Amino acid sequence: MARRRLPRAVFDYLDGGAEGEVTLRENCRVFEDITFRPRHAVALEGCNLGTRVLGFDLSLPFLLAPVGYSRLMHPGGEVVAARAAGAAGTAYILSTISGHRLEDVKAGSRGPVFYQLYLMGGRGAAEAVIERARVAGFSALVVTIDTAVSGIRERDYRNGMKEMISGGLLEKIPFIPEVMRHPGWLIAYLRDGGLPGLPNVIVPGQGQMPLVDINAALAKAAVTWADLDWIRKLWNGPIVVKGVLTGDDARRAVDAGAAAVSVSNHGGRQLDHLPASLRALPEVVAAVNGQAEVWMDGGIRRGTDIVKAICMGAGAVLCGRAYAYGLAAAGEAGVTRAIEILRADLDRTLRLLGCPSIAALDRSYVNVPKSWD
Ligand SMILES: Cc1cc2nc3c(=O)[nH]c(=O)nc-3n(C[C@H](O)[C@H](O)[C@H](O)COP(=O)(O)O)c2cc1C
């Protein structure tokens, strides 16, 4: 449905990955390497899907990942995604690249909301947004460390994503017929006032950063371990480090005071040929050694994927595209439906496995290839 509703440039921005999309494909495929070891002839009337994350009791073991430009997918964007997450009893992570004000996103949800931080606009902009997030009631900062520069997403180049966002009228002309083929999206977009800005990136002395060249802004926004120490001093709440793929980085994150690390290759959108997140998870779980929470994201499309990730040691997972397709297809109702599909999958999978709860899952419920150890 998302593919039908969105112009190609927007759909491919959501669906695509970096370069040859090897990591994007591998993130999903790798789940096939793991099979289940069920406990049959166990009668369960319903399973407990609850999980504790950063001190919050969530009804589900998955959170909604930060997805930039959500407002391009649907005018409700980040506000309705956060609302759907809260209504389902889970948490929402708001991207720095949000078209809605962080205060509106927080006010719209009854669940916990975390803020994903890029250093776009430099430390001055970060300091201002951290203070706004604190005042608005955000519960954690999620610092993404895998975006030293933006990955090259070749579909975006072919589809004229840059020209659509920042080009002049002449540059846009070749891409206009494709947009006209999606009148439902176009009318909603124009009614919403056209291209959203970046209301949470306020550069001191310059004001709100316009949404002109995100890649150029990201290239100057690389987060270092020194920045993490600086962020730690500004933010009293929990910090999550997102984009960890090795035991070494996991240890550094824990030493820097992270309450959780998220094993992630950014959904295959940054460096291609990174290992699938699930494959990198065991090394990180071993390195963290219980000193912080370990989450993972990348390739989650079904409840069985979530169950396998948790069996392999993740405390919770983040879903990106799985809910963003729903958002693009039908706004809030679409996100709610995507969450419901995953919830029903989880309940069915646990019952077929003979496992009463997410908390009871461990490696004894899966066969892991010998080469993984
Ligand atoms: C369209 C899109 C935009 C994204 N924007 C961000 C972002 O702004 N910040 C961030 O940390 N991660 C971002 N991500 C990565 C997701 O948070 C998450 O790591 C990834 O989507 C997980 O893979 P999955 O889509 O296979 O679930 C984005 C992902 C997508 C698909």
Side-chain angles (χ1 to χ4, degrees), residues 2 6 9-18 21 23-31 62-74 77-78 81 85 91-100 102 105 114-120 129 140-148 150-151 153 155-156 159 161 196 198 200-201 211 214-215 217-218 221-223 240-245 261-271 274 276-278 280-281 295-303 305-306 309 314 316-328 335 338-339 342:
L6 295 179
V10 184
F11 179 74
D12 276 353
Y13 165 75
L14 156 53
D15 188 57
E21 301 189 340
T23 299
L24 172 68
R25 286 191 297 277
E26 186 61 8
N27 268 350
C28 293
R29 194 215 56 81
V30 74
F31 285 98
F62 62 90
L63 292 71
L64 303 196
V67 167
Y69 288 121
S70 288
R71 194 168 177 172
L72 275 187
M73 296 163 202
H74 193 279
E78 298 83 1
Y92 176 75
I93 308 176
L94 176 66
S95 164
T96 290
I97 305 175
S98 163
H100 283 286
L102 65 87
V105 175
F114 309 155
Y115 190 79
Q116 179 267 322
L117 186 70
Y118 283 137
L119 290 184
M120 279 166 64
V129 81
L141 274 188
V142 177
V143 182
T144 302
I145 61 165
D146 59 17
T147 311
S150 181
R153 301 172 198 146
R155 296 198 216 178
D156 291 356
N159 294 331
M161 187 68 177
L198 290 174
N200 303 318
V201 186
L211 191 84
I214 292 284
N215 288 359
L218 280 174
V223 176
V240 182
V241 175
K242 176 173 180 282
V244 170
L245 286 168
V261 297
S262 196
V263 179
S264 172
N265 51 39
H266 214 110
R269 303 167 69 81
Q270 284 295 104
L271 179 60
L274 287 173
S277 303
L278 185 72
L281 179 63
W295 308 348
M296 74 78 83
D297 67 66
I300 302 284
R301 300 290 182 271
R302 294 175 180 274
D305 301 335
I306 300 173
V317 304
L318 313 183
C319 295
R321 294 178 183 83
Y323 84 86
Y325 293 132
L327 176 68
V335 181
I339 294 173
L342 292 173

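As the structure lists them, so they are numbered: ligands from 1, and atoms in each ligand from 1. Values in this document were obtained by computation on a predicted structure and should not be read as measured data.
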Please produce the table of protein N or O atoms sitting under 3.5 Å from N or O atoms belonging to ligand 1, one pair a line, distance to 0.1 Å.
unit_1, atom_1, unit_2, atom_2, d
ligand 1, 5 (N), Gly68, N, 2.9
ligand 1, 8 (O), Ser95, OG, 2.7
ligand 1, 9 (N), Gln116, OE1, 3.2
ligand 1, 9 (N), Tyr118, OH, 3.1
ligand 1, 11 (O), Thr144, OG1, 2.8
ligand 1, 11 (O), Lys242, NZ, 3.0
ligand 1, 12 (N), Lys242, NZ, 3.0
ligand 1, 12 (N), His266, NE2, 3.3
ligand 1, 14 (N), Pro66, O, 3.2
ligand 1, 17 (O), Pro66, O, 2.8
ligand 1, 17 (O), Lys242, NZ, 3.1
ligand 1, 19 (O), Lys242, NZ, 3.1
ligand 1, 19 (O), Asp297, OD1, 2.7
ligand 1, 25 (O), Arg321, N, 2.9
ligand 1, 25 (O), Arg321, NH1, 2.9
ligand 1, 26 (O), Gly299, N, 2.8
ligand 1, 26 (O), Arg301, NH1, 2.9
ligand 1, 26 (O), Arg301, NH2, 3.2
ligand 1, 26 (O), Arg321, NH1, 3.4
ligand 1, 27 (O), Gly320, N, 3.0

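- A side-chain contact (heavy atoms from CB on, under 4.5 Å) with Val142 is found for one member of Ile93, Leu318, Val241 and no other, namely Ile93.
- Considering only residues two or more places apart in sequence or on other chains, Tyr13 meets the ring pair (Phe, Tyr, Trp, His ring centres under 6.0 Å) condition with Tyr69.
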Can Ile339 and Leu64 be said to form a side-chain contact (heavy atoms from CB on, under 4.5 Å), step by step? CA-CA 9 Å; Ile339 294 173; Leu64 303 196; 4.3 Å; yes
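- Applying the salt bridge (charged side-chain N to carboxylate O under 4.0 Å, His left out) criterion to Arg302, with sequence neighbours excluded, gives no partner residue.
- The closest donor-acceptor contact from the side chain of Arg153 to the backbone of Arg269 lies under 3.5 Å.
- When the side chain to side chain donor-acceptor pair (under 3.5 Å) test is applied to Asn200, the partners found at least two apart in sequence or on another chain are Arg132.
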